[in-house]
Amino acid sequence: MITSLSADDRLKQLATKPFVARKEYFGCLVYDRQNSDYIPFDGEATGIFARSQDYSLDEVYRELSETVTRQSFDTFIQLCSSIGLVKDGTFQGVFLDNEMPEGTQYLSAPTTVYLQLTRYCNLACKHCWADAGAARPRELTILDIRKIIDDMAMMGCFKLRLGGGEPLGRGDVFDVISHANSRGMKVSIATNATMATRAVAAKLGELAIDEIKISMDAGSEKSYDYLRGDRAYRKAMRGIKNLQELSKAPIYFHAVLQRDNLTEIPALVKQAERFEIPRIVFDIVAPVGRAKENPKMLLTIEEANNALDLARRIGETSRCKVEIVSKVPPPFQKKRVFEGFGSECGQLHCHINSEGLVGGSGFLGTVLAAGNVREKPLKEIWHQGHGLKVLRNNPGNNTCKKCDYFKSCRGGDRSRAYVTSGTLTDPDPLCLIAKQAGAHS
């Protein structure tokens, strides 16, 4: 336990330990700093880790001998030792002093926080969900953001994703990343790359950044500039080269499919191959922000699924890995560490907009708010915020609950359902199974 340390000393200790464990309703969630990932363990494993810090493994086993064989106990210790979680019989991490109320069925903290650094953007994309352009009058200060990062670390949340607007358009973005790094966080950043000069890319290279997501919605200059603005394409191409050469961080492309760029899918994959980008993620435009104002760019459920299937097929023969995150049900089974109906929004993740408003996602922050970090600590908002409670207590619908994919899918994206149909309980609007079920009901 670390209760005897001052707040600053706690933060320093949490930032340097290779593993940080936080108690959860199912046992614990251990953050693996080297791999920037969370590992769930049940109550029995949690007890072994905690007791190993004060007792020998033989003493720990004697407490479990009535329910666990020695062989299974030793095998578990060997597996943990192989990844450095246990060394010389002792858990190599530190436990947070967190307690969850009995009966709780949600995580003690998010695993990832999405932070909108600013609404400023130098481009004017036709489909921008944030309606970005000018910075808002009361955006979070660097002091506000440092407080958010410190709160995250104390909660055991070590994944920070910075977005906008255009985060590189905020002058203190490097200070934000540097402070997050000092708290043991590797930061991901989403950018359009047009502001990534050689000087900017070199500064990013001095910091610990998990990955850089570059929004890339067209593979040709004409289509790109039509969607994002005049001369944007050439600036983006230069920025990508600078980031590849100087930032040192892994880079991937993110493409939002809409009616105006459906024919660009093959060109987008080729663009990724040309830049030797290892991964491209295809998403579907949602009726929020500017896309809501221009519904002609929205896709029907059939168009969206056909586009994602085309991307998948092209990816089968591409050097670049193609991911289709919007596919419902997902093409792969997902492990879930939360109960009931719903997606990661409000369960694993939360979003903080540039003025401090917290929501389950960027789509929901203003329409289903949980609180403002300028008024309450993030921890209090995570546990008590109305908007997050609504997401976690979602009763769902019988179509999804009876579906063979429910254990993994859980009804699909709640944010997309809400902005599309105005309700959190409907199936994901991109789900063909649900549509077929509705047609036969």
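Bear in mind that the values here come from a model prediction, so they are computed numbers and not experimental data.
- I149 places a side-chain heavy atom less than 4.5 Å from the side chain of V176.
- In this structure, K327 NZ and L432 CG are separated by 6.0 Å, a value rounded to the nearest 0.5 Å.
- Checking D217 against H127 by side-chain atom types alone, a donor-acceptor pair falls below 3.5 Å.
- Heavy-atom minimum distance, S108 versus N98: OG-ND2, 3.4 Å.
- Rounding to the nearest 0.5 Å gives a distance of 9.0 Å between CG of L243 and OG1 of T197.
- Looking at N305, its side chain does come within 3.5 Å of a backbone N or O of L430 through a donor-acceptor pair.
- Between L227 atom CG and M297 atom CE the span is 8.0 Å, to the nearest 0.5 Å.
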Please walk me through it: do V200 and F174 pass side chain to side chain contact (heavy atoms under 4.5 Å, CB included)? CA-CA 9 Å; V200 167; F174 308 110; 4.0 Å; yes
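- Contact annotation: the side chain of R33 approaches that of V20 to within less than 4.5 Å [non-hydrogen atoms, C-beta and beyond].
- A side-chain donor from one of R228 and S215 sits under 3.5 Å from a side-chain acceptor of the other.
- Put simply, the side chain of L368 reaches to within 4.5 Å of the side chain of L424, judged on heavy atoms.
- For the pair N192 and C121, the tightest heavy-atom approach, listed with the atom from each and the gap, is ND2-SG, 3.8 Å.
- Within the 4.5 Å cutoff, the side chain of L11 has heavy atoms near those of the M154 side chain.
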Given the rule in the side chain to side chain contact (heavy atoms under 4.5 Å, CB included) test, do I277 and I214 qualify, once you have shown the distances and angles that lead to the verdict? CA-CA 10 Å; I277 299 294; I214 297 177; 5.8 Å; no
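- No side-chain donor-acceptor contact under 3.5 Å links N122 and E166.
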If you apply the rule side chain to side chain donor-acceptor pair (under 3.5 Å), what do you find for T425 with T423, and how did you get there? CA-CA 6 Å; T425 57; T423 175; 3.0 Å; yes
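- Within the 4.5 Å cutoff, no side-chain heavy atoms of L268 are placed close to those of F253.
- Partner of F49 under the ring pair (Phe, Tyr, Trp, His ring centres under 6.0 Å) criterion, chosen from F95, F19, F76: F76.
- Side-chain contact between V337 and Q347 is absent, with no heavy atoms from C-beta onward closer than 4.5 Å.
- Pairing each heavy atom of Y226 with each of D260, the nearest pair is CE2-OD2, 3.7 Å.
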Between Q13 and R10, is a side chain to side chain donor-acceptor pair (under 3.5 Å) present by the stated rule, with each step listed? CA-CA 5 Å; Q13 185 177 24; R10 289 187 189 186; over 6 Å; no
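- A 4.5 Å side-chain heavy-atom check between S361 and H349 finds every atom pair outside the cut-off.
- For the pair S318 (side chain) and G315 (backbone), a donor-acceptor distance under 3.5 Å is absent.
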Ring pair (Phe, Tyr, Trp, His ring centres under 6.0 Å) between H351 and F363, worked out: CA-CA 9 Å; H351 180 276; F363 292 178; 9.1 Å; no
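- The shortest distance between side-chain heavy atoms of N261 and Y224 does not fall below 4.5 Å.
- Taking both residues in full, the closest heavy atoms of I209 and A249 are given as O-CB, 3.8 Å, listed atom of the first, atom of the second, then distance.
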Step by step, work out the side chain to side chain donor-acceptor pair (under 3.5 Å) result for D175 and S178. CA-CA 5 Å; D175 294 331; S178 178; over 6 Å; no
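- What you find for K159 and M152 is that their closest heavy atoms are O-CE, 3.6 Å.
- The CZ atom of R170 sits 13.5 Å away from the OH atom of Y120 when rounded to the nearest 0.5 Å.
- Not one N or O on the side chain of E24 forms a donor-acceptor pair closer than 3.5 Å with the backbone of L107.
- Closest heavy-atom contact between I240 and M216: CD1-CE, 3.5 Å.
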